[in-house]
Structures are given as structure tokens and as C-alpha cells.
Trainee: 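Sharing a structure, written as C-alpha cells. Questions coming.
Source: prediction; values computed, not measured. Chain letters run A, B, ... following the sequence lines, proteins first, then strands; residues in each count from 1.
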Amino acid sequence: KQEVTQIPAALSVPEGENLVLNCSFTDSAIYNLQWFRQDPGKGLTSLLLIQSSQREQTSGRLNASLDKSSGRSTLYIAASQPGDSATYLCAGNTGNQFYFGTGTSLTVIP
Amino acid sequence: DGGITQSPKYLFRKEGQNVTLSCEQNLNHDAMYWYRQDPGQGLRLIYYSQIVNDFQKGDIAEGYSVSREKKESFPLTVTSAQKNPTAFYLCASRHLVGSNSPLHFGNGTRLTVT
């Protein structure tokens, strides 16, 4: 069974700083890896999806990478803003199922 | 606008009562999913459905039931057999299972059972 880990569990940075969130998975046989954002009491909003054949995906200030051989994905956030404060989750798709990490809670301090 | 609608947002029930959570999508997605989210834990899959009138158990299906009579609807019933039903429930959908299409989520239903 796929296990997904996200470290750190919480992160606090000053506004304007660049940061990296980490996601590791145990089974490299994934179709894709998806990054989500979750605001308190809300559902998950999809940020980026990286297919297994890709190494990177970019959307605005966000850049996600995928290294299947090492079982790792990173989400890079450039020039962080207070509005980026949320919990970020990653999920590996093995076909019929998605396996989620427990998330990294990000606080960007003005 | 297309999306996934979960209702109600908050639900309160007494122990021993069954309760049904609604999930409707107008994205024309084939697959629909129910997840449960508890503090400090990742999302756990309860049930999923790939086509109408067919569904499969996820990792924590005990005490739950679902139906998929229409493509756009996938209601979840939390039965009295579920030992710890208080949680945040999330419905999701996507195009054909096995493809590289992203998973989309509704805004969730918070169920409290006392």
C-alpha cells in the first residue's frame, strides 16, 4: 500500500520568502502526483498535477517537481504572500485510488 | 459554473441515527469518491464509484453505504454501525479512472454525532 509523508508538518515564514514543501511516497508505481491547498473548514483546491512522465509543472508562483526513482515531490512557492497561508497536501495516484499525505500547514507572516 | 456541491455544510445527529450526506457534481465526471478527514490524519477513502450502479469499498467502508443511481449524484449514508462518525467528509470527482485527470473536491460536510 502506498504511504505518503509530508515534512514538515508546519512551517512559518516571513512574507516574500521562497519556500519548498516536501512530499515523499513509498511506491514509485504512481500515475501522477497532485498538490492541493486546503483552507480551514474548506475542501481541497487542486494546484498542480504532475504526470509520471513529467518532472516539473508550473503555475504562476508555484512549481512542482517529481522524482519517481527517489519517491519524492516538492512544491516550490516563490515570493510567498499572506494569502498563501493554508494547509498543502500531496496525493499519489496509483490508478483507482489516491493516497494522501497529512499536509504541511503554512503560515506566511506579513 | 461547474463544480461539486456537498450539502449540508454542518450536520448534527444523535448517536444511533443514520444520516445521509449529499454530493452532486455537474462536471460530467465519471468517477466519484468519498473521503473522511480527521485531525492529524490524511484523507482516507470510504467508497468510490467509476460508473452508474457500481461502486467499490475503500479502506474504511465499514459502517457506511453509498448509491450511484445517477452519474451526477453519489450520496453517502453514515449508519449507526459506524463507531466514530464525527468527522469532516469530503466528496470528490474526476474523469475516467486510470487517466491523468485531476481530482476535484467539494467544500465538505462536517458531521457531529453526540
Side-chain angles (χ1 to χ4, degrees), chain A residues 1-10 21-26 29-55 57 59 62 64 66 68 73 86-105, chain B residues 2-10 21 23 25 27 29-51 54-61 87-112:
Chain A
K1 179 185 172 183
Q2 179 77 266
E3 292 191 7
V4 180
T5 305
Q6 291 186 250
I7 295 174
L21 305 179
N22 297 296
C23 172
S24 60
F25 46 93
T26 55
I30 59 170
Y31 283 96
N32 56 59
L33 188 132
Q34 195 169 353
W35 281 93
F36 298 88
R37 168 189 172 132
Q38 186 176 30
D39 293 289
K42 300 287 189 181
L44 279 66
T45 299
S46 179
L47 298 173
L48 289 164
L49 180 146
I50 313 176
Q51 298 180 25
S52 60
S53 58
Q54 298 174 322
R55 295 193 65 86
Q57 275 287 344
S59 176
L62 305 180
L66 176 63
K68 285 183 59 179
S73 177
T87 297
Y88 291 81
L89 297 99
C90 64
N93 175 15
T94 57
N96 289 342
Q97 292 202 27
F98 289 77
Y99 293 91
F100 287 82
T102 52
T104 294
S105 177
Chain B
I4 301 171
T5 301
Q6 289 189 243
S7 60
K9 186 174 182 179
Y10 299 98
L21 283 61
C23 178
Q25 53 97 1
L27 300 167
H29 283 170
D30 309 283
M32 297 186 73
Y33 304 76
W34 274 106
Y35 291 92
R36 169 180 173 142
Q37 187 175 36
D38 295 282
Q41 297 194 40
L43 275 68
R44 292 182 290 168
L45 182 64
I46 304 172
Y47 269 98
Y48 68 99
S49 168
Q50 300 178 44
I51 57 173
D54 186 56
F55 45 82
Q56 285 76 42
K57 293 181 179 180
D59 299 320
I60 56 165
F88 190 49
Y89 290 87
L90 288 159
C91 178
S93 70
R94 64 190 289 242
H95 283 298
L96 290 172
V97 174
S99 71
N100 275 308
S101 64
L103 198 59
H104 297 266
F105 280 85
N107 274 328
T109 292
R110 185 165 298 280
L111 172 65
T112 302

Trainee: State, yes or no, whether a side-chain contact exists between A:Thr94 and A:Ile30 at a heavy-atom distance under 4.5 Å.
Mentor: yes
Trainee: For residues B:Phe105 and A:Phe36, establish whether the separation of their ring centroids is below 6.0 Å.
Mentor: yes
Trainee: Name the region of A:Leu48, side chain, backbone, both or neither, that has any atom closer than 4.5 Å to a heavy atom of chain B.
Mentor: neither
Trainee: Between B:Gly108, B:Pro102, B:Gly58, B:Cys91, which has the largest tally of heavy atom pairs under 4.5 Å with chain A?
Mentor: B:Pro102
Trainee: Could you look at B:Leu103 and say if it's the side chain, the backbone, both or neither that has a heavy atom under 4.5 Å from chain A?
Mentor: both
Trainee: Is it the backbone or the side chain of A:Gln38 that comes under 4.5 Å from a heavy atom of chain B, or both, or neither?
Mentor: side chain
Trainee: Under 4.5 Å heavy-atom distance to chain A, tell me which part of B:Gln6 shows up: side chain, backbone, both or neither.
Mentor: neither
Trainee: Parallel, tilted or perpendicular for B:Tyr35 and B:Tyr33, by the 30°/60° rule?
Mentor: parallel
Trainee: Would B:Arg110 count as a cation-pi partner of B:Phe88, with NZ or CZ less than 6.0 Å from the six-membered ring centre and within 45° of the ring normal?
Mentor: yes
Trainee: What part of A:Leu44 is in contact with chain B, defined as an atom under 4.5 angstrom from a non-hydrogen atom: side chain, backbone, both or neither?
Mentor: both
Trainee: What part of B:Leu45 gets within 4.5 angstrom of chain A, counting heavy atoms only: side chain, backbone, both, or neither?
Mentor: side chain
Trainee: Please rank B:Gln56, B:Lys9, B:Gln41, B:Gln37 by heavy-atom pairs under 4.5 Å with chain A and give me the top one.
Mentor: B:Gln37
Trainee: Report yes if the side chains of B:Leu96 and B:Ser101 come closer than 4.5 Å at any heavy-atom pair, otherwise no.
Mentor: no
Trainee: Nearest 0.5 Å please: distance from the CD1 atom of A:Ile50 over to the CG atom of B:Asn100.
Mentor: 11.5 Å
